[in-house]
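This report concerns only the one structure given below.
We name chains A, B, ... by the order of the sequence lines, and we start the count at 1 in each one.
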Amino acid sequence: MYDMNRPEKAVSQTETKISARKVQVYYGDKHALKDVDVDILDKTVTAFIGPSGCGKSTFLRCINRMNDTIPIARVEGQILLDNEDVYDRRVDPVQLRAKVGMVFQKPNPFPKSIYDNVAYGPRIHGLARNRAELDGIVEKALRGAALWNEVKDRLSEPGTGLSGGQQQRLCIARAVATSPEVLLMDEPCSALDPIATAQVEELIEELRSQFSVVIVTHSMQQAARVSQKTAFFHLGNLVEYGDTDDIFTRPRDSRTEAYISGRIG
Amino acid sequence: MYDMNRPEKAVSQTETKISARKVQVYYGDKHALKDVDVDILDKTVTAFIGPSGCGKSTFLRCINRMNDTIPIARVEGQILLDNEDVYDRRVDPVQLRAKVGMVFQKPNPFPKSIYDNVAYGPRIHGLARNRAELDGIVEKALRGAALWNEVKDRLSEPGTGLSGGQQQRLCIARAVATSPEVLLMDEPCSALDPIATAQVEELIEELRSQFSVVIVTHSMQQAARVSQKTAFFHLGNLVEYGDTDDIFTRPRDSRTEAYISGRIG
Amino acid sequence: MPLSWALFANFLLAAAGYIVGRSRAFATAGPDVRKLHSRPAYHGASVGLAALLPALAVLAAGAILRLAGVLSSDTGPIIGIVALIAAIAGLGFGVMRIGREYQARNVVEHMVLGLLMLCSLIAIVTTAGIVLSLVFETGHFFRVYDWKTFFFGTEWTPRFQGNSQLGIVPLLWGTMYVSAIALLVAVPIGLFAAVYMSEYASRRVRGFVKPAIEVLAGIPTIVYGLFALITVGPLLRDYFAQPLGLGNSGTSVLTAGLVMGIMLIPFVSSLSDDIINAVPQSLRDGALGLGSTPSETVRQVVLPAALPGIVGAVLLAASRAIGETMIVVLGAGAAAQMSLNPLEAMTTITVKIVSQLTGDSDFNSPETLVAFALGLTLFVITLALNVVALYIVRKYREQYE
Amino acid sequence: MPLSSSAALPDRKPASLLEQDARTKARNAAEKRFRLYGVAAIAISMIALVVLLATILTGGAGAFRQTYLNIPVTLDAAVLDPKGNRDPAEMAKVLTLSYGRVLDAAVEATVARHGIQIEGLTEKDIDGLISKEASAQVRDRVLANPDLVGQTVEFDVLTGGRIDGYFKGRVTMESAERDSNTSPQQLLLAQELADRGEMVTRFNWNFLTNADASDQRPEAAGVGVAILGSFYMMLVVLALAVPIGIAASIYLEEFAPKNRITDIIEVNISNLAAVPSIVFGILGLAAFINFAGLPQSAPIVGGLVLTLMTLPRIIIPTRAALKAVPPSIRDAALGVGASKMQSVFHHVLPLATPGILTGVILGLAQALGETAPLLLIGMVAFIRDHPDGLPGGLFDPASALPVQVYNWTQRSDPAFIERASGAIIVLLIFLLCMNVLAIWLRRKFERRW
Amino acid sequence: RDQIQVSGSSTVLPYSTIVAELFGENMDFPVPVVESGGTGGGLQKFCEGVGANTIDIANASRPIRDGERETCTANGVTDIIEVRIGYDGIVFANSANGPDFAYTPADWFNALSAKVVRDGQVVDNTAANWNEVNPDLPEQEILAFVPGTKHGTREVFEEKVILAGCEESGAMEAFVASGMDEDAAEQACMTLRTDGRAVDIDGDYTETLARIESSPNGIGVFGLSFYENNTDKLKVGTISGVTPSTETIASGEYPVSRPLFFYVKKAHLGEIQGLQEFVEFFVADEIAGPDGPLAEYGLVSDPELAATQEAVAAGTTMQ
Ligand SMILES: Nc1ncnc2c1ncn2[C@@H]1O[C@H](COP(=O)(O)OP(=O)(O)OP(=O)(O)O)[C@@H](O)[C@H]1O
Ligand SMILES: Nc1ncnc2c1ncn2[C@@H]1O[C@H](COP(=O)(O)OP(=O)(O)OP(=O)(O)O)[C@@H](O)[C@H]1O
Ligand SMILES: [Mg+2]
Ligand SMILES: [Mg+2]
């Protein structure tokens, strides 16, 4: 029933997509992320796990510079995407975010129709030459996010009128529709039932063949199922990072062990 | 590691707290909830499960008449709380909601300090005679929601500056602080790590000794762990309702079986 | 009109530039549009702007130089031709820049940002203009009139023959008194109306009431003035002032304040209504779910979240109150006096600015020049008040989400 | 951590929902009061509105009707063409004053023809029946067609203001008793003529098209020039203030770094809103007329001055509306790779539209009703000639609706009061036309999230 | 520029518009644009300089002052033609339903001055009723709507009524006797009481009329022409037994009047189309004469109109 059918952990690729060096984040005085060093590989699913409030979302938002929008947030250190520092002055955060898509922790659909929600990204990036192509992209994205069947008859209704889990999938579809190179997903399945979760996980697996996916999750099972690499955060520190199998079976740090065995939170 | 330590299913009480009869909900033309009949017992934890978009939140919002705030929502049928129809003209929804507390699916902290967020309910209901009492209530609620340690030094900071999981726990604390007779929790642990989840489940267990708790969850394990009764919704229908043990081990409806074994979503 | 022809030609060129740039970008991109940094439309826009902006700059410079008299007025065609050359050069330059790596979107957005910035600078220019146009004559005034008497004098009795007492204090007092009463009327009524419209009223009622109340802002102030003078004034006098022994003036601060308050209602109600409406529903749900009544929700959650916008609305209403003349003239009278009694006639700075400026006295006399000094003083005072308001808003601001 | 309600939380008995406990009752009473305040607030506003509109309508409805007298006029060649050569240039030397005498004779003839006998009726009463405008009307006809001279031609001429007022109830026999400009006999005569169908009161298109008229002929005054002037000015304001205001707000709210300079700009803008409008007139005089050399009394100058005045009044609400859009929506857009500019123009701006439109509605209402700044740039003036069409008309002298109201309320002839109210009605209709689109758009864009 | 531009006094405005209208009707020129911005404002625009950007004519309800002339000269406006168009009578009127009033200037002084003389002593004015001031006057509370200090009318009112009354009643001497010098005594005479009995009106005569309608006890100061257009609502008072009318004012019997002027830039006469014609038209007998439309409207025509016509024709400038 609660099967954990893991895909073979084919950590075949070697290329580093993102590498973070000594990343520090402060919210005002609060030091939320301390000295994070990590290399995220291309064509891999990386899971971020850790107790609530440990800085997972914060780190995720560093990668595509969404922290820029929080006035009190301050980021130090280096994050390289394809060996280019994303915090470099010459880097255009917009281009960066087009490459590095994001699904936020709280579903935030636009107060527009479902169709427009998904079509927004492709439209601004000019991914479709005509309406038919756009329709195709939207349908594909919604199918990928396991939402198509539920909304295919109500594409023109507002996205805000969906149920919580539907909104979450809508946001996933929206992010996928722009076909980013890296996809950051902050608890994408938190409001989803097991079957929808499985479908989204399938989508992630599929995306992995081309892109790099980072997923924050509180479900150890999910991390184990979908990811090849896992990073464990605790109180703002990256405690341990390694192959998912190793982390779950042979954690090196005692805190990791305590967390996955359910002792610290 | 992923232990399912269930508390003994002591379904001792017999009293019905809430009973719904032929409840129908329409959002505009959309028939979102069809003919729902259910009896929710006092001093019991009832779990609502079902695929995303099946109407769990909708039904929850019927019970404390939160659907009143959605202009296009229309509720038909009867919902009795302590044998009184909550949709009766004479019923004051405010009093109803004071009795029937709610934790929403999307964390929605007020743009106020953490303290004020939790103290809001006790203040409007006059539950504290003085500041010290109020402090006590706030602390107790935050402790119950497993948030106290993380926020005790920053009670005066805005609740909106918390992480997703922290906000969720804040909302749980806020609801608990008003000490309602019935607590409706819409996926209260979706953004929580296993340990925080366990703590919240402990809280639920504790609340059960006095109150009736309804919890929506997508985690079958959680439903099995915390609830004594389970209701399975599918496409707006209440498919099956019964003792949690029975539902999970001997489902009568084929759809229930399919769902819990991961075949329909 | 050679200049307007040049302008027209430039716009045509810019449009052509857009089309050329766009198609050029499509050509550069090849089959995969994603290879381009920016979408073709942005490339087109960047070429269009590259053609338009230099030409506009040339035209503007030419116009200014002609105004300033540096260029004679028959240089129009020359300027036009120079502008056209600039446009063509810009267009060529723009087309050349097109390439896969060329960040057309950023360039266009930077230009748009520059434009936005320019627009916000107009406020500064206006302020500078106002200060400049007041400061000269104010200096003139203080050369013929003692500044101490002006700032601290408690008597305002201008005379034709000169020898006037021109103390600002009673006018300032009147201004604050009238504005305060007006706000005391408008803010509660406006806020309650806004809350009712956004939280309680049905969509239909709101759809009717809101524009209806806004009509109040469109009724010419002279109507309010006459209403104050003919209806409200005598009413207050006969049923309020005389029975209470508070005087028997037909015009009073209270009259003007009440009537002005009515005029200001829509400023508070409509603007606040929009802001209140923009507060996310989830916050209301949160409060209602805890068992608070709608009014508690509004007072304790919604209004605090909407506070910055509401303060803006109140500031706007206050500004309007300070600047109003007709209602004060007809409702409060023209007598400059300082009294606590709201049923006495008083007057405001703005009224006196208008009347001194349009009066029959000698335009070089202090009696007329004082208008400029009054204007500048009021300007400085409101500036100070605005600084305080900004500070307060910063302090009490609650940000949702 | 035990959380039972026993210790700290007072125990609450499961009470019936149908009965309210004391606290709920008190809170519900507060709720009722609160709601009542809201209703009262709206009621007060609506009552004020109704009262004001009623005064305007009852006072101004008369301006839309006008009394005319139909008389045959014998165009006496001896008076109108003394040289007898029908040369328009020569005939133009004959002033309207002479035409006035011809008309007087015509009226007297008409009275005589109908055999109306009224005791105490003087010649002045008879001559005073018709407006002074009539002679200009006849003169224009004659100069346009000199061959009319010597014939008897039917004319539909305006009656005098008092006569017109009599048919609209403004002038009564009692007031005429004391009035040195009319007499009860004159009114009786008018009544007789009306009974015979020679004098009719009908809809007054001329009020909407005519220019202003001097103090002596209120019956001929109209708001035509004022409507055009206001229309031109509003075009300028709409074309400049709205886009510039929105652009400035977007910059300040979304892009400007939060530093000293933007603080200064912010304070500046709120302060500009508090600057009395007449000061903008001073500025306009200095900047646009004296410095830039634009013509006096021209709608372009008026429009520019009103633009400067309206800008802060649009910026403040617009900024508030932009600020009210939840950050999550911006985040969502940025997250799919929209630029800041795109997120603003695609998402934030549409969501802020209702608030922006409210600012525009209120700002334009104010701009439309403003007189004080126009005082200094020469638009508070007596203007008889209609401005040209666009765009040249922007530079021709023109009046404005509020100016017309202001002027007319200062005239000594009470007939102008009615015209002023009529002009206010026109102004309000003008405002309504201007706003319907905004109001409709606002409703369309309104949504909650 | 096609139109003649006129600006200035709002008292002259109605006459100016009447003439402008007739001018436009009868001549082949556009109707002049006539603004009202007050005498001061009009003269200021007038003195800004010469050229198409400046106005041609300034209306004034008082003679141009020396200081204003200086500014004019400094800005190059040197040759100015002064045209006196006639006289404006100032009358006192109360509600048509009220009693009849026959005042003397002394009554007005005793009713409205801040300081009056009672039994040889200089005291604060406390008179509350007109019959306290003069037993012959009706018993009605004192409430006077006088023009605000921005109005030229106020100056005339103060000088020709209050000051005259002060001297007539002997209060002036008493003031001087109490130790004031001549100037201070004059000042004291003309200082009006501030206890609400003398109400300044900053607006126009229509406002004064509206105030009388809302306070029927009030007495207002009006221009003759305004009164004549509103005889149904107003009742005029006599001064020293003389009823105001164009005739009594022209003959000098009625004391309270003042001359009205307009000023023309000579430099514009040739430049602006129709300006010369307009000025001549204005002072022509048909217009400004005793039977013309201006007189009909309430202007007291100038007995020396012929001299003015000559001066205009000759373009005689001020010295
Ligand atoms: N405000 C609304 N307007 C229109 N339709 C709505 C609205 N809210 C919910 N619905 C629809 O009603 C159905 C039930 O929604 P509901 O929120 O109850 O689902 P749910 O069971 O809570 O799902 P989830 O687990 O995803 O939260 C869904 O199909 C949803 O799209
Ligand atoms: N905008 C903010 N202002 C201030 N502090 C913040 C802000 N956002 C997050 N924090 C704090 O930074 C810390 C890390 O937050 P973050 O959101 O990264 O946690 P998280 O690992 O995503 O947790 P969760 O699983 O609950 O979402 C938390 O202590 C949180 O309170
Ligand atoms: Mg998070
Ligand atoms: Mg739900």
Side-chain angles (χ1 to χ4, degrees), chain C residues 137 144 155-166 222 225-226 228-235 237-238 241 247-252 255 325-326 328-330 332-337 339 341 343-345 347 351-352 354-365 367-369 371, chain E residues 8-11 36-47 60-62 64-71 141 143 145 147-156 158-159 183-184 186-187 190-192 194-203 206-207 210-218:
Chain C
E137 304 279 13
V144 293
E155 217 179 304
W156 173 271
T157 45
R159 287 161 172 284
F160 258 89
Q161 301 83 355
N163 205 355
S164 315
Q165 294 291 314
L166 300 172
I222 189 141
L226 290 173
L229 176 63
I230 293 169
T231 315
V232 181
L235 228 86
R237 180 192 59 205
D238 298 342
N248 54 1
S249 169
T251 53
S252 65
T255 310
T325 44
M326 209 51 107
V328 180
V329 167
L330 293 176
Q337 46 177 328
S339 158
N341 182 353
L343 292 159
E344 292 227 10
T347 191
V351 167
K352 288 302 167 189
V354 177
S355 72
Q356 295 312 116
L357 217 49
T358 59
D360 291 334
S361 16
D362 179 351
F363 64 78
N364 273 330
S365 64
E367 286 77 25
T368 305
L369 292 174
Chain E
S9 163
S10 51
T11 314
S36 64
T39 304
L43 283 170
Q44 181 169 30
K45 282 190 169 177
F46 185 79
C47 291
S61 59
R62 57 163 172 80
I64 188 168
R65 299 254 154 95
D66 291 342
E68 291 168 330
R69 287 284 311 270
E70 278 161 28
T71 312
E141 76 170 314
L143 179 62
F145 299 114
T149 47
K150 65 175 261 197
H151 285 292
T153 324
R154 173 65 169 260
E155 189 181 18
V156 181
E158 285 181 356
E159 282 181 357
D183 276 352
E186 251 183 44
Q187 281 283 353
M190 292 191 293
T191 304
L192 299 189
T194 55
D195 56 357
R197 303 247 171 225
V199 178
D200 279 13
I201 302 293
D202 259 2
T206 40
E207 188 193 335
R211 297 237 175 183
I212 289 180
E213 280 170 4
S214 79
S215 310
N217 279 339

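The candidate from E/Ser9, E/Gly42, E/Gly41, E/Gly37 with the greatest count of non-hydrogen atom pairs under 4.5 Å with chain C is E/Gly37. When each of C/Ala334, C/Ser355, C/Gly233 is scored by its heavy-atom pairs under 4.5 Å with chain E, the top score falls to C/Ser355. Between chain C and the options E/Arg154, E/Met190, E/His151, heavy-atom pairs under 4.5 Å are most frequent for E/His151. With chain C as partner, the option from E/Gly218, E/Gly152, E/Gly8 having the largest number of non-hydrogen pairs under 4.5 angstrom is E/Gly152. The candidate from E/Ile201, E/Leu43, E/Thr194 with the greatest count of non-hydrogen atom pairs under 4.5 Å with chain C is E/Leu43. Interface check for chain E: of the options C/Ser164, C/Pro158, C/Gly333, the most heavy-atom pairs under 4.5 Å are formed by C/Pro158. Chain E forms more heavy-atom pairs under 4.5 Å with one residue of C/Thr347, C/Leu226, C/Leu229 than with any other, namely C/Leu229.
The side chain to side chain donor-acceptor pair (under 3.5 Å) check on C/Ser365 picks up C/Glu367, with sequence neighbours excluded. Applying the side chain to side chain donor-acceptor pair (under 3.5 Å) rule to E/Glu68 yields the partners E/Arg62; only residues at least two apart in sequence or on another chain are considered.
For E/Arg211 against C/Leu330, the heavy-atom pair with the smallest separation is NH2-O, 3.6 Å. Scanning all heavy atoms of the two residues, the minimum distance from C/Phe363 to E/Cys47 falls at CZ-CB, 3.9 Å. Between C/Val351 and E/Asp202, the closest heavy-atom pair is CG1-OD2, 4.3 Å. Counting all heavy atoms, side chain and backbone alike, C/Arg237 lies closest to E/Ser215 at NH1-OG, 2.8 Å. When all heavy atoms of C/Arg159 and E/Glu158 are compared, the pair lying nearest together is NH1-OE1, 4.4 Å.
Taking CG of C/Asp360 as the start and OG1 of E/Thr153 as the end, the distance is 6.5 Å to the nearest 0.5 Å. Here the straight-line distance linking atom CD1 of C/Ile222 with atom CD of E/Glu207 works out to 9.5 Å at 0.5 Å rounding.
For the pairing with E/Lys150, the side chain to side chain contact (heavy atoms under 4.5 Å, CB included) check across C/Leu357, C/Val354, C/Thr368, C/Thr358 returns one residue only, C/Thr358.
Contacts of E/Glu159 with chain C are made by side-chain atoms alone, with heavy-atom separations under 4.5 Å and no backbone atom involved. In this structure, chain C has no heavy atom under 4.5 Å from any part of E/Glu213. For a residue to count as touching a neighbouring chain, one of its non-hydrogen atoms must lie under 4.5 Å from one of that chain's; by this rule E/Ser61 touches chain C with the side chain only. For a residue to count as touching a neighbouring chain, one of its non-hydrogen atoms must lie under 4.5 Å from one of that chain's; by this rule E/Thr191 touches chain C with backbone and side chain alike.
In terms of modelled atom types and a separation under 3.5 Å, the side chain of E/Asp200 and the main chain of C/Ala335 share no donor-acceptor contact.
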